[in-house]
Each structure stands twice: as C-alpha cells, then as structure tokens.
2 protein chains.
Amino acid sequence: MPQIIIADDHPMVRGALALAVESAFDQPEILECAHLAGVMQLLESIGAADLLLLDLRMPGVDGFEGLVRIRSQFPATPVVVISALEDPRLVREALALGAMGFIPKSTPRAEIVAALSLVAAGGTYRPDDLSLAEPAPDSKGRAADDDFLQRVLTLTPQQRRVLQLLGTGKLNKEIAYDLDIAETTVKAHVSSILHKLRVYSRTQAVVMAGRLHLDSFADVAEG
Amino acid sequence: MPQIIIADDHPMVRGALALAVESAFDQPEILECAHLAGVMQLLESIGAADLLLLDLRMPGVDGFEGLVRIRSQFPATPVVVISALEDPRLVREALALGAMGFIPKSTPRAEIVAALSLVAAGGTYRPDDLSLAEPAPDSKGRAADDDFLQRVLTLTPQQRRVLQLLGTGKLNKEIAYDLDIAETTVKAHVSSILHKLRVYSRTQAVVMAGRLHLDSFADVAEG
DNA sequence: ATTACCCTTGTACCAAAGTACAATTGGCAC
DNA sequence: GTGCCAATTGTACTTTGGTACAAGGGTAAT
C-alpha cells in the first residue's frame, strides 16, 4: 500500500490532489499536511514515503528551502512540486534541486494523474510547454548559479546533510554530534564538499549555498 | 570646478544623471565610468573626487563590494549610491557602509538634483518614504533579526566593511589585501565583530548577516 | 565475484581562524 | 590638556579548519 504525502496549506487543493492520487495509485494511503513541520515529522516516523506532493508556499516553506531540506534529509522520498506558478525558471530550479516533477495547479486532472504515474514509475514530469523552452538562459548571473546547482547535485546524501548544517554556521564538532559521527568524518565530508563545489573554505560554501534559496530576485527595469 | 564621477554601466542612466549633476553643481567636470576598475583608476589619478555617483550593479560590482572598496581606499570621496532597487534594508546598509546618499533610479529629476546638493553640502540623503517607514516590524522571525540588526549597528564603519567582505567568503588574508591593512588587524576586527554579534565563528556571522539582505520574499497569490 | 561507490575512521600535518595582551597613532569632545 | 575611542599592528598562543593518505565495512550493479 503506497504511502503518499500531500503537503499544501489549502484544504481545497489537498482534496483535488487526493482525488488525482487515488486515480493514479492502487489503494494509496494518503497523508495530508498543512505545514512543513508536519511533513518532516511524518517522514521521520515512517522513514520514507513513496511520494510527496509538496506545495512551494506553505507555513514554514518560503520557497525551495523546504524542498532542499526534505531532499537532503530524506533523499529516498521522491518529491513532486506543486505550485501556483509555472515560471520556467522555477521549474528548472525545482528539478535541479532534486524534485522528480513540477505540477502547476492549473494542470488538468487527467494530466496530473498521468504525471503522478510517471513519477511513480521513476520518471520525471514537467509541464509540456517547458520541455522545449528550456535552453534559453536570459540573464547572466543565472548561468553561474545553475553551474553551482549542478555541483550541489553531485553531493552524496550525507554530504548534503553536512552542507545543510554547515549552512547554520555549526562547527565540525557540532555537526559530528548532530549526525552522530566522528569529527574526522565530518572533515572528510567537508573536504569533499569543498572540492565538488569548487570553493576553498566552508564560508564560501555557505555563501554559495545560501544563494540557492533566495536568488529569486525580480529583475527590475532600468529607471 | 567640482569633479564628479558618474559610474553606471548604462549610458542612458549616465546621461540622465549627468543632467542632474549639471543642475546641482556650478560648471562641474563630469567623469563617466562604466565599470569599477575605471572608477578606481580615476580616483587614483585625481586623488579624490568631489562626488561619486555609484551604481550598485555594474561589471566588477555585484553589490556593496565596490562601495566598500572605494570607501576604504578613498574615504575622502563622498559616495552616493544609485540603484534600481529601493529596499529599505539596502538603503540602510548602503548608508551604514559609508554612502552619503541612496538614490533610487525612479527618483524624479528635481529630487535627484536636491539630493545631490544636499550631499555636496555635507548632508545625507535617502528616499522620503524611508525616513518614517523604517520602524515597522511585521512578521515574527523579524524580532530576532532586529536584535541582530541592533548589534550590527554597534559595529564601527571599518568593522562593517570587514563584515561585508566576510560575507563574500573571503579569507582574512584577502580582506587585508582589499582594505590594505595587516592580516593581524583583520583578525582584531573579526574578533571584535564576533563578540559584538554574539557568535563564535565567522561562518555564523556570515549566516546571520546574510539574512539582513535577502529575506525579501515576494508574497505570491494562491492558484 | 569483482568493481565501484559511499560511509566511516584514523594519523599526521599544515594553514587559517580566533584570543589575549600590549602598544601606538589620530581624531574628537569636554 | 585629558580622556575616549577607532584604527592599527605586533607577539604569542590555542583552537578549528582543511588536506593527504590509508584502510575497513556496507551495498548495489555488472
């Protein structure tokens, strides 16, 4: 019996998604959450879900931070991002951050069902009109960030956890305690992380990684 | 004959600013630059300008770094920051870093002229709607951040410059080079900064300080 | 079963970070 | 002037951070 988590702060949306899930899976166990904390608790208690439908905007989730947290702490759980928006950049970034799909809320039910089946089968889904419209980099700063994203994706799950804690400013010693491993091991991970991210200090890694969350800066027209 | 430097990578913007400068000063000598390197060269050759209009975003300047470099190497030159953005936090920080004014590109010409005159007279300028709209905390997470902001404000100007460079992930050695001081001095500043901010590592300082800039998340409507 | 990769840990070493104490200079205010 | 403070620098020291190398155990794929 597949366990599916639906995380959205809007009950109506959860209901609609539940219908789609019931169509796409055989006797699913549907677990609903209205906030990120609930999702994390659920995942901790059941270890890993078979699928997680995650809204980008809910209490406790301001953007991709929730996705990143979940992906790094529960890499085994496939995540499909649900969003009211469908900006190509958002889609790309969500997928780059490890989401297995991106479903705009405006998607027809039938297509949602197909998308969920696709992801359950190990595929990835994105809105049709984006399959081709991808290779269109617009601004300059974007490129560098995308490069960095690609590098973050080469990190192993444990390394992502380390990077996560690194991002809170913790010492190696504290990270070791948190992950219940030796400080030596943390150092090994940090070294590997620095190489993969092509930076030369933890501080730089933190600065770079920090941008992944909040580089949603609206390009403002010249005055 | 006052020497005024206009640094912006957009010719149209430079033109508009030049007009304002000509209205605000008597027979000004206007020097234009499209990138940071040119500004530094100009300042080195003429020693100090009477006013520098500096865009936040140009080749070689990703944010406050250029402002910091200029302020530290040519403290005698008053700098007015020109920006397409007008986030109150940006304004506050620019002024904290030693800018004598902050002029959004959307400002009417007449007001720009007045602002330039004000700064030339030794005053500081900021957009009107920010003089009062500052002390308005809205969300919960704000409280802690405001505490932190209060602590940041206890930093001396030079310490803020150091913190700024710290936030780019630079080593003490690099910071020393940028500010043209000894690494020992940088260490002294960092130590002092850590104490004032009540953190125990540069990484934590960077993480905390990072929040001050970019927690500007646009609230998006539900689908 | 052999390869490959991840996670783990250890030792050893070097570089960077951070603290503590002391001292000089210069500006500014009372 | 005297005092205060920012800024600077130095020496000396301890703690973190980071690299290099080596190695054992686990899992998954070929």
Side-chain angles (χ1 to χ4, degrees), chain A residues 47-48 71-76 98 122 151-209, chain B residues 68-69 71-76 96-98 122 151-209:
Chain A
R71 286 299 300 160
S72 60
Q73 290 183 35
F74 306 96
R151 291 182 210 139
V152 169
L153 293 181
T154 67
L155 297 181
T156 67
Q158 185 76 330
Q159 287 171 355
R160 286 193 198 139
R161 286 180 212 115
V162 172
L163 179 58
Q164 181 79 27
L165 295 172
L166 222 51
T168 67
K170 289 187 191 245
L171 305 176
N172 288 339
K173 198 180 299 182
E174 298 174 300
I175 297 176
Y177 179 81
D178 284 0
L179 297 182
D180 196 28
I181 56 180
E183 185 179 347
T184 317
T185 311
V186 176
K187 284 188 177 183
H189 285 311
V190 171
S191 270
S192 179
I193 290 172
L194 296 185
H195 280 133
K196 287 185 178 178
L197 300 188
R198 296 183 197 171
V199 295
Y200 49 91
S201 77
R202 62 166 50 213
T203 307
Q204 281 209 333
V206 168
V207 172
M208 296 275 100
Chain B
V68 171
R69 299 243 298 271
R71 285 300 300 159
S72 61
Q73 290 185 35
F74 305 97
L97 288 173
R151 290 181 209 138
V152 169
L153 293 180
T154 68
L155 297 180
T156 67
Q158 185 77 327
Q159 286 171 355
R160 286 190 199 136
R161 288 179 210 118
V162 172
L163 177 58
Q164 182 72 32
L165 295 173
L166 223 51
T168 68
K170 290 192 183 213
L171 304 176
N172 288 339
K173 198 180 299 181
E174 297 174 301
I175 297 175
Y177 178 81
D178 284 359
L179 297 182
D180 196 30
I181 55 180
E183 185 178 349
T184 317
T185 312
V186 176
K187 285 187 177 184
H189 284 312
V190 172
S191 272
S192 179
I193 290 172
L194 297 185
H195 280 132
K196 286 185 177 177
L197 301 188
R198 296 182 198 172
V199 294
Y200 48 91
S201 79
R202 62 166 49 214
T203 306
Q204 281 210 333
V206 168
V207 172
M208 297 274 100

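Only this structure's heavy atoms are used, side chains among them; waters, hydrogens and symmetry mates stay out. A quick note: this is a predicted structure, and the numbers were derived from the prediction, not measured. Lettering follows sequence order; numbering is per chain, from 1.
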Figure out the CZ/P separation between B/Arg202 and D/dG17, and round it to whole Å. 11 Å

So how far off straight is the helix from C/dC7-D/dG24 to C/dC30-D/dG1, going by the axes through five pairs at either end, to 10°? 40°

Is the shortest heavy-atom distance from the side chain of A/Met208 to the side chain of A/Val199 under 4.5 Å? yes

Which whole-number value in Å describes the distance from B/Lys196 NZ to D/dC5 P? 11 Å

CG of A/Leu171 versus C1' of C/dA17: gap in Å, rounded? 11 Å

Determine whether B/Thr168 and A/Val207 make a side-chain contact, defined as any pair of heavy atoms from C-beta on separated by less than 4.5 Å. no

Rounded to whole Å, how long is the line connecting atom NZ of B/Lys170 with atom P of C/dA16? 16 Å

Does A/Asn172 make a side-chain N or O approach to OP1 or OP2 of D/dT16 shorter than 4.0 Å? no

Kindly indicate whether the side chain of A/Val162, heavy atoms from C-beta on, has any atom under 4.5 Å from the side chain of A/Val190. yes

Do B/Arg202 and B/Ile193 come within less than 4.5 Å of each other through their side chains, counting heavy atoms only? no

Pair A/Lys170, B/Gln204: side-chain N/O donor-acceptor within cut-off below 3.5 Å: no

Beyond-backbone contact of A/His189 with A/Arg161, side-chain heavy atoms, under 4.5 angstrom: no

The criterion is side chain to side chain donor-acceptor pair (under 3.5 Å); which residues satisfy it with A/Glu174, sequence neighbours excluded? B/Tyr200

Side chains of A/Leu163 and A/Val206 in contact at under 4.5 Å (non-hydrogen atoms): no

Distance check needed: D/dG18 P versus A/Lys173 NZ, whole Å only. 15 Å

Ignoring the backbone of B/Leu194, work out which of D/dG18, C/dT19, C/dA16 is nearest its side chain. C/dT19

Going 5' to 3' through nucleotides 7-14 of chain C and flagging B where a protein heavy-atom sits under 4.0 Å of the base, S where only the sugar-phosphate is that close, and - otherwise, we get SSBBB---

